[in-house]
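Structure, as structure tokens:
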Amino acid sequence: MMQHTLSVLVEDKAGVLARVSSLLARRGFNIHSLAVGPTAEIGMSRMTIVVEAPELEQVKKQLHKLVNVVKITELDPNRSVEREIMLIRISTSGGGRSDVLEIGAIFKATVVDVGQNSITFQVTGTPSKLADFFELVRGYGVIDMAKSGRIALSRENKARKLKAV
Amino acid sequence: MPTISGAQALIKALEFEGVDVMFGVPGGAILPAYDPLYDSPINHILARHEQGAGHMASGYAWATGRVGVCMATSGPGATNLVTPLADALMDSVPMVAITGQVATTSVGNDAFQEAYTTGITMPCTKHNYFVTDAKDIANVVHEAFYIARSGRPGPVLVDVPKDVLNAEIEWEDPTDLDLPGYKPTITPHARRITEAIRLIEAAEQPVLYVGGGIIKAEASDVLRELVGALNIPVVTTLMGRGVVADSHPLTLGMPGMHGTYTATTAIQKSDLLIALGVRFDDRVTGDPDFFAPNAKVIHADVDPAEIGKVRDAEVPIVGDAKAVIEAMLAEWGDRPAPERTRWLEQVHRWQREKGLKYDQKPDGTIKPQFVIEELHRITGGNAIVVSGVGQHQMWASLHWGFEKPRTWINSGGLGTMGYAVPAAVGAKAGMPDELVWAIDGDGCFQMTSQELITAAVDGIPVKIALINNSQHGMVTQWQRLFYGGRLSASQLGVGAVDYVMLAEAMGCAGIRAETPGEVAPAIEKAMSINDRPVVVEFVVDRDEMVFPMVPAGGSNDIVLLGPEDL
Ligand SMILES: Cc1ncc(C[n+]2csc(CCOP(=O)(O)OP(=O)(O)O)c2C)c(N)n1
Ligand SMILES: [Mg+2]
């Protein structure tokens, strides 16, 4: 099923997260990831929701019926920046520590913890970058992994496309 | 400035909103609010069950067009309100429910009578509030009423902990609403109206498909103008009965599973459906893939989520039904009404040839349809009719001729058995000068009949026509048709209840009619009793089934007119 990224501006009120997630569940829309945090506007929060739905129109309209939902923007991956952060602990007990470090360097991953038997990286980037990193290191033995939900913002509308950062 | 308690602020806030009647049941957590109510001009009606209080608020709202208010305590009081809230959400009924809650210091500790009311009611309210500061009460109540009645109306719940009710504050009138995420669209887009009129001009077999949204928008008068201006036949859904007069030659009645042949078939054969304040419910459409297969659709609704939910619309219009119809009338201007001779002749031929039928033998058992028609004849149709859910509901909708909006009150979307008695009490409490007849089934009656005690004690003289077939008739009908006649758990026992005695035991008058000849005298007698509620039990034919019928999930092309079509 198609994944869609929604950027949802909500009032920062108790229970808003529950309202949004319960509505999506009740209407049968699958949440792939959901990240919520403060935004620049006082009294508001921004939710970045990745939903799986055959058709996004109903999801948006149903979300709009929630009194605390102020604005919904569907983010086109080509015209927005999407980021995730991953913490991943990789086994080094079978050797391969230097290989893993080399892969980490290519991905600009930060080493956040080193032990006798494992090494933990923090990797930031697009969902596909994180997926690529995971593919490359999984063979060494992934002991544990935690990933943030996706956060995203649309890019500034520019007449001429500047070099993407 | 003198201080008042949160509880006083709550009652003052209700008075500020113009509440004249409310319905409820007190208990520990909400007790502080009942104390200032003692001195308030608000008339509080003590229901016998919170479900009753909720449906009373709903009946009140339907009959008056105002927001219905109910109140309950925490825990079981609040959970008993869940059914009426879910019912009101489905049928877009403007309601505000106030619930008590355990003190904020105890919330989350499984305190006595604690339930997570805002969590439980989140999916069955339009919005809800948990008040943590007494200073917020006036504004929250003000917002709750605004949200309940505006846009697509619905129920709003306000949960107030006991310590918040007991806190002392300085009263301040509610300020302007601050709802950045709630801005219903009322005025339709002009271009859409132009597109709609263009489609209407080109249509040869158009049908107006109208429902409860017309009532909520108070758009009945302008709709009648539109019908005249465009000369288009109208079908009225179960929720919209009465928005156009059934006696009008262009009115075809109710469409759908138990709709009239003409209403259902006109939609099937139409080339343009003008859908106003309706939501293409499955009881109307049957299998949506076969619904009105040749029709283009103009769909206007105040709730954008309804447009395109079931059926794509060629012309989607977001807006209040009244504003939409007024804009259509203006766009149509003074063009003459199209004649549509062939289409209207066709429709009228169906009406003549495929009308409603039943066979009342003078010496046979009473047919339920005969009861409804006699009731209509004797009252001259001048009554608010409230119904339960089941066969009797369909017969009432089909066989009563509705002339005005807000004269038909029933539970459509949720199909809540037990709705009739409390909703009738609420309707009568709101419209004391109107005659209110509930048409109820015996199964439904047994779910909420205790609210007749409320009616008797509080002097709310409703009348109940009890269609007694000693069974869950609608369930029985399905078991006869689709489960080989195996009547599993649907029989309530012939003679199991003496309804005359039961009525009298509750302080009402009880009357029984067992033969066709007794029907009119029983109704006349009921009409002569106005000092207390009356229950008239009609012992009816247990084998009667509701027709027309489109079997569930089937195509609306197949309408069974009677048992001979099975
Ligand atoms: C609360 C509730 N429970 C169960 C049902 C399912 N149901 C629909 S109609 C019906 C029978 C209604 O019986 P009665 O009130 O006697 O009406 P009749 O069909 O006999 O006219 C039942 C059980 C329901 N709609 N609502
Ligand atoms: Mg029955």
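First the proteins, then the strands, lettered A, B, ... as listed; each starts at 1. Because only heavy atoms are used, hydrogens play no part in the values below, and waters and symmetry mates are left out as well, while side chains stay in.
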Heavy-atom pairs under 4.5 Å with chain B, option from A:Gln58, A:Lys13, A:His64, A:Glu55 with the top count: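 Result: the option with the highest number of such pairs is A:Gln58.
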Can B:Lys322 and B:Asp320 be counted as an ion pair, charged N to O under 4.0 angstrom?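 No, no charged N to carboxylate O under 4.0 Å.
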Presence of salt bridge, A:Glu41 and A:Arg46, under 4.0 angstrom: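 A:Glu41 and A:Arg46: not salt-bridged.
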Quick check, are the ring centers of A:Phe121 and A:Phe133 under 6.0 angstrom apart?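 They qualify: ring centres under 6.0 Å apart.
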Would you say the ring centroid of B:Phe280 lies under 6.0 angstrom from that of B:His299?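 Yes - the distance between ring centres of B:Phe280 and B:His299 falls below the 6.0 Å cut-off.
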Treating B:Glu114 as the side-chain partner and B:Ala111 as the backbone partner, does any N or O pair qualify as donor plus acceptor under 3.5 Å?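 Here the side-chain-to-backbone pair exists.
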Heavy-atom proximity to chain B below 4.5 Å, by part of [X]:
X	answer
A:Val69	backbone
A:Leu66	backbone
A:Arg19	both

Against chain A, label B:Asn128 side chain, backbone, both or neither, depending on which of its atoms sit under 4.5 Å from a heavy atom there.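 Its backbone and side chain both get close to chain A.
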